[in-house]
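First the proteins, then the strands, lettered A, B, ... as listed; each starts at 1. All of these numbers come straight from a predicted model, not from anything done at the bench.
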Number of protein chains: 2
Amino acid sequence: MPKAEDKSKVAERSPEIEIFKEYIRRKGLRFTPEREIIVREIFEIDDHFDVDELYLRLRNKGKKLSKASIYRTLPLLIDCGLIQEVYHEDGHMHYEHVYGHEPHAHVRCLECRKVEEFTDNRIKEIEEHISREFGYRITALRFELLGYCPDCLKKQYRS
Amino acid sequence: MPKAEDKSKVAERSPEIEIFKEYIRRKGLRFTPEREIIVREIFEIDDHFDVDELYLRLRNKGKKLSKASIYRTLPLLIDCGLIQEVYHEDGHMHYEHVYGHEPHAHVRCLECRKVEEFTDNRIKEIEEHISREFGYRITALRFELLGYCPDCLKKQYRS
DNA sequence: ATTATAGTTGAATTTCTTTAACAATTACTA
DNA sequence: TAGTAATTGTTAAAGAAATTCAACTATAAT
């Protein structure tokens with residue numbers, strides 16, 4: 001199975017960086033050390049993050065770069081399909097990995113702010129249906145369910 | 001059918017206001033003229049709006065109240081399930097009616113920013129499935145598909 | 001009706017996220 | 001290696017939303 005072997009080799013070399021580099025090259029932009037640091041850090045984070053978290057992680061590792069660079073790099077990563085914006089109820093933007101992840105939904109508790117993820121084949125079905133029906137090319141998808149988690153429901157009834 | 005008649009009478013008296021009043025009463029808050037003006041205006045708007053639009057409409061009608069009051073009233077309307085936040089790609093929050101509307105999804109074109117709405121029974125199915133599976137009480141739902149509309153796709157291939 | 005209590009208002013201010021301007025620097029190309 | 005055009009950090013600015021506070025007022029209790 002030479003094909004599978006190739007695939008795993010590529011995966012070990014962090015395909016995200018390769019995708020980003022290719023995107024940068026195609027757009028005639030530059031692969032700077034700052035951008036590399038940002039991208040590598042993002043893909044060391046477990047899926048979800050926001051600008052502040054990313055910035056602090058980098059500072060704690062002694063990497064000094066400005067938030068402006070982060071704000072300038074994120075749109076590039078979105079544009080090449082590696083990450084996407086996720087709206088959170090706390091006033092600022094959050095992001096999540098897209099590459100290598102199936103479309104999924106978030107369930108958020110409005111009381112304790114906990115977020116759970118789940119997948120459902122119907123999400124993809126709906127996406128495909130819309131693509132066909134409306135003639136769109138869908139590049140990203142956000143599905144959020146807001147409500148109250150079992151724990152918080154119990155607490156509400158207790159009081 | 002006295003029951004149906006009652007229902008339609010209530011509906012004519014703008015059920016949104018009644019729901020809001022009941023919510024206000026239950027919470028021990030006050031039904032002030034400002035709140036009434038804001039709620040009535042919101043339900044004269046056709047579904048979607050943002051704070052600025054609402055504020056300008058009220059000013060143009062000679063109603064003088066502060067944006068602070070609007071910002072303070074919106075969470076109440078969200079909390080009692082009459083409206084919900086809708087994220088728009090233009091940096092600030094938008095809102096839409098929930099009462100009397102079926103759960104639906106938005107498809108947004110990233111090029112021309114056009115937004116289309118569609119419904120799909122599977123959305124409700126997924127919601128119900130999550131309610132059962134995770135034990136949540138779901139109060140709101142956001143489903144957004146991002147991509148490129150047929151028109152903009154054509155333009156892209158043309159150039 | 002009067003008073004007391006506590007919620008509410010408007011105006012201005014503050015906070016916080018994100019974007020923009022600009023001069024200095026640096027990655028890429030030929 | 002020189003030339004160019006993109007990129008960087010800093011600082012300032014923009015913009016949305018939250019907050020502060022004194023004045024006001026709806027509501028309930030007396």
Side-chain N,O (B:Y71) to OP1/OP2 (D:dA18) below 4.0 Å: no

Terminal axis angle for the helix from C:dA1-D:dT30 to C:dA30-D:dT1, five pairs an end, nearest 10 degrees: 40°

All salt bridge (Lys or Arg N to Asp or Glu O under 4.0 Å) counterparts of A:E22, not counting sequence neighbours: A:R25

Contacts of type side-chain hydrogen bond (donor to acceptor under 3.5 Å, both in side chains), residue B:N121, not counting sequence neighbours: none

Whichever hydrophobic residues join A:V98 through chains of side-chain contacts under 4.5 Å: none

Length of the line joining B:L74:CG and C:dT9:P, which is rounded to integer Å: 12 Å

Pairs where residues 125-135 of chain B contributes a residue and the test side-chain hydrogen bond (donor to acceptor under 3.5 Å, both in side chains) is met, not counting sequence neighbours: A:R122-B:E125

Partners meeting side-chain hydrogen bond (donor to acceptor under 3.5 Å, both in side chains) with B:E144 (sequence neighbours left out): A:R142, B:R108

Which nucleotide in C:dT17, D:dA17, D:dG9 has an atom nearest any side-chain atom of A:R72: D:dG9

Near-strand residues of residues 24-39 of chain B, defined as heavy-atom separation under 4.0 angstrom from DNA chain C: B:L29, B:R30, B:T32, B:E34, B:R35

Separation of A:H88 NE2 from A:D50 CG (nearest 0.5 Å): 8.5 Å

B:M93 CE - D:dG15 P separation (whole Å): 18 Å

Between C:dT17 (P) and A:D50 (CG): distance, integer Å: 9 Å

Partners passing side-chain hydrogen bond (donor to acceptor under 3.5 Å, both in side chains) against B:R57 (at least two apart in sequence or in another chain): B:E41

Contact list for DNA chain C against residues 56-67 of chain B - heavy-atom distance below 4.0 Å: B:K64, B:L65, B:S66

Option passing side chain to side chain contact (heavy atoms under 4.5 Å, CB included) with A:I42 (candidates A:L74, A:T73, A:L82): A:L74

Nucleic acid contacts of residues 80-87 of chain B, taken as heavy-atom distances under 4.0 Å to DNA chain D: none

Atom-pair distance (CG on B:L76; C1' on C:dG7), nearest Å: 12 Å

Contacts of type side-chain hydrogen bond (donor to acceptor under 3.5 Å, both in side chains), residue B:E96, not counting sequence neighbours: B:H48, B:Q84, B:H104, B:H106

Set of side chain to side chain contact (heavy atoms under 4.5 Å, CB included) partners for A:Y136, sequence neighbours left out: A:F134, A:I138, B:V107, B:C109, B:K114, B:E116, B:C149, B:P150

